[in-house]
Amino acid sequence: MAQPYPPGARLLARPEQAAPCPTCGALLGRGYPDCAACAETVDAYWLADWAALLSGNGVAEGTAEERELAAMVLADDPGAHPWTCDDWAMRRTSCPYCRAELGSGALDCLSCASADQARWAWDHTAPPHAMRPDEHALRLTVAGLRSAERRRPGVVGFWRLLLPFLLVGRAPTRAESRRVRLHLMAGREDELSAAGSVEEMAALPDLPWRG
């Protein structure tokens, strides 16, 4: 019997530290999904698990059988496949109503909203250690950036700042997240973007009080 709730995004080694993207110049991942190099780096963790699923089922990429497999994955109970495969199956499926990538369509598309909500059943029901906090944050961030028009600009900006550090396995604490959000709300995106770590972003000095 297959292992329930198999882990995802662990077939490839994570980079040891955040580094500049050779294409867009920002920390690698921060240009996701518009920068091709950032997208390739981030998506590699999802694609590795999806390729393993294709191989295990004798299915070739880009075929009708792959689309059928994606439909099967989405119809299965939560935990039947790695969460990365659930996500990639959504990418390989068009919304029947708005025709966007399933789960990433316009805010008023109820089909996309339902699909996006359903994906999180994996996270909520998985046993401890099936998903680390940094993996949940990585999943949330990437899903959010792929449907940025469905989110508030401040939330999208927060995720974009954090993604390079989530790639190396560094999830912020609640206190760090709160500090980064406050700095972002204060219009300090340039300073946050120049920081080389989560700690540096959270440690930006408070601005002087202004009446």
Side-chain angles (χ1 to χ4, degrees), residues 2-24 26-57 59-62 66-67 69-70 72-74 76 78-93 101-104 115-116 118-148 151 156 158-172 177 197-198:
Q3 174 190 353
Y5 295 97
R10 297 184 188 176
L11 291 181
L12 301 180
R14 299 287 191 90
E16 293 185 2
Q17 61 183 11
C21 170
T23 299
C24 70
L27 288 181
L28 193 61
R30 197 162 278 167
Y32 188 88
D34 299 320
C35 170
C38 287
E40 181 180 2
T41 298
V42 173
D43 287 345
Y45 297 96
W46 277 256
L47 189 55
D49 289 340
W50 184 252
L53 181 66
L54 292 181
S55 177
N57 285 273
V59 173
E61 183 179 2
E66 183 188 24
R67 293 189 292 274
L69 180 61
M72 182 197 75
V73 168
L74 295 177
D76 280 341
H81 309 280
W83 55 266
T84 41
C85 290
D86 287 359
D87 287 353
W88 203 266
M90 292 176 67
R91 298 196 198 182
R92 305 297 292 168
T93 304
E101 175 187 301
L102 186 63
S104 66
D116 184 53
R119 88 166 85 206
W120 306 110
W122 201 108
D123 308 52
H124 297 322
T125 56
H129 310 303
M131 173 181 270
R132 302 191 303 262
D134 68 281
E135 291 169 343
H136 171 74
L138 179 63
R139 185 187 197 196
L140 180 66
T141 297
V142 168
L145 291 177
R146 294 191 70 81
S147 56
R151 323 289 172 169
V156 173
F158 174 74
W159 284 334
R160 200 175 300 282
L161 285 168
L162 285 181
L163 184 50
F165 308 117
L166 295 176
L167 280 177
V168 302
R170 174 62 165 91
S177 293
S197 67
V198 173

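Computed from a prediction, not measured in an experiment: that's the story for all the values here.
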When the side chains of residues 160-172 are checked against the rest of the protein, which donor-acceptor pairs come out under 3.5 Å, sequence neighbours left out?
unit_1	atom_1	unit_2	atom_2	d
Arg160	NH1	Tyr32	O	2.6
Arg170	NE	Glu199	OE2	3.3
Arg170	NH1	Glu176	OE1	3.1
Arg170	NH2	Glu176	OE1	3.2
Arg170	NH2	Glu176	OE2	2.8
Arg170	NH2	Glu199	OE2	3.0

Output the distance between atom CG (Asp49) and atom CG (Leu53), rounded to the nearest 0.5 Å.
9.0 Å
For a quick test of reading the model, state the closest non-hydrogen atom pair linking Ala89 to Ala70 and the distance between them.
CB-O, 3.7 Å
Nearest 0.5 Å please: distance from the CZ atom of Arg119 over to the CG atom of Leu140.
9.5 Å
Judged by atom type as modelled, is there a donor-acceptor pair below 3.5 Å linking the side chain of Trp122 to the main-chain atoms of His81?
yes
Inter-residue atom distance Thr84.OG1 - Tyr45.OH, 0.5 Å rounding:
12.5 Å
For the atom pair CE (Met131) and CG (Asp123), what is the distance rounded to the nearest 0.5 Å?
4.0 Å
Is the NZ or CZ atom of Arg139 positioned over Trp46's six-membered ring, under 6.0 angstrom from the centre and within 45° of the axis?
no
Cation over ring, Arg151 on Phe158, under 6.0 Å and within 45°?
no
Contact check, side chains of Arg14 and Leu138, non-hydrogen atoms, under 4.5 Å
yes
Charged N-O contact under 4.0 Å between Asp87 and Arg146
no
Validation row: Glu40, Thr23 side chains within 4.5 angstrom (heavy atoms)
no
Which pair of non-hydrogen atoms, one from Ala115 and one from Leu102, has the smallest distance, and what is that distance?
CB-CG, 3.6 Å
Can you find a pair of side-chain heavy atoms, one from Tyr5 and one from Pro78, that are under 4.5 Å apart?
yes
Minimum heavy-atom separation for Pro22 to Leu28, with atom names?
CD-CD1, 4.4 Å
When rounded to the nearest 0.5 angstrom, what distance separates CZ in Arg132 from CZ in Arg10?
5.0 Å
Backbone N or O of Ala51 within a donor-acceptor pair of the Ser55 side chain at under 3.5 Å?
no
Distance-minimising heavy-atom pair for Cys21 and Ala37
SG-CB, 3.6 Å
Nearest atoms (heavy-atom pairs only) where Leu145 meets Pro33
O-CD, 3.8 Å
Taking all non-hydrogen atoms of both residues, which atom of Gly29 and which atom of Cys38 are closest, and how far apart?
N-SG, 3.2 Å
Between OG1 on residue Thr93 and CH2 on residue Trp88, distance to nearest 0.5 Å:
12.0 Å
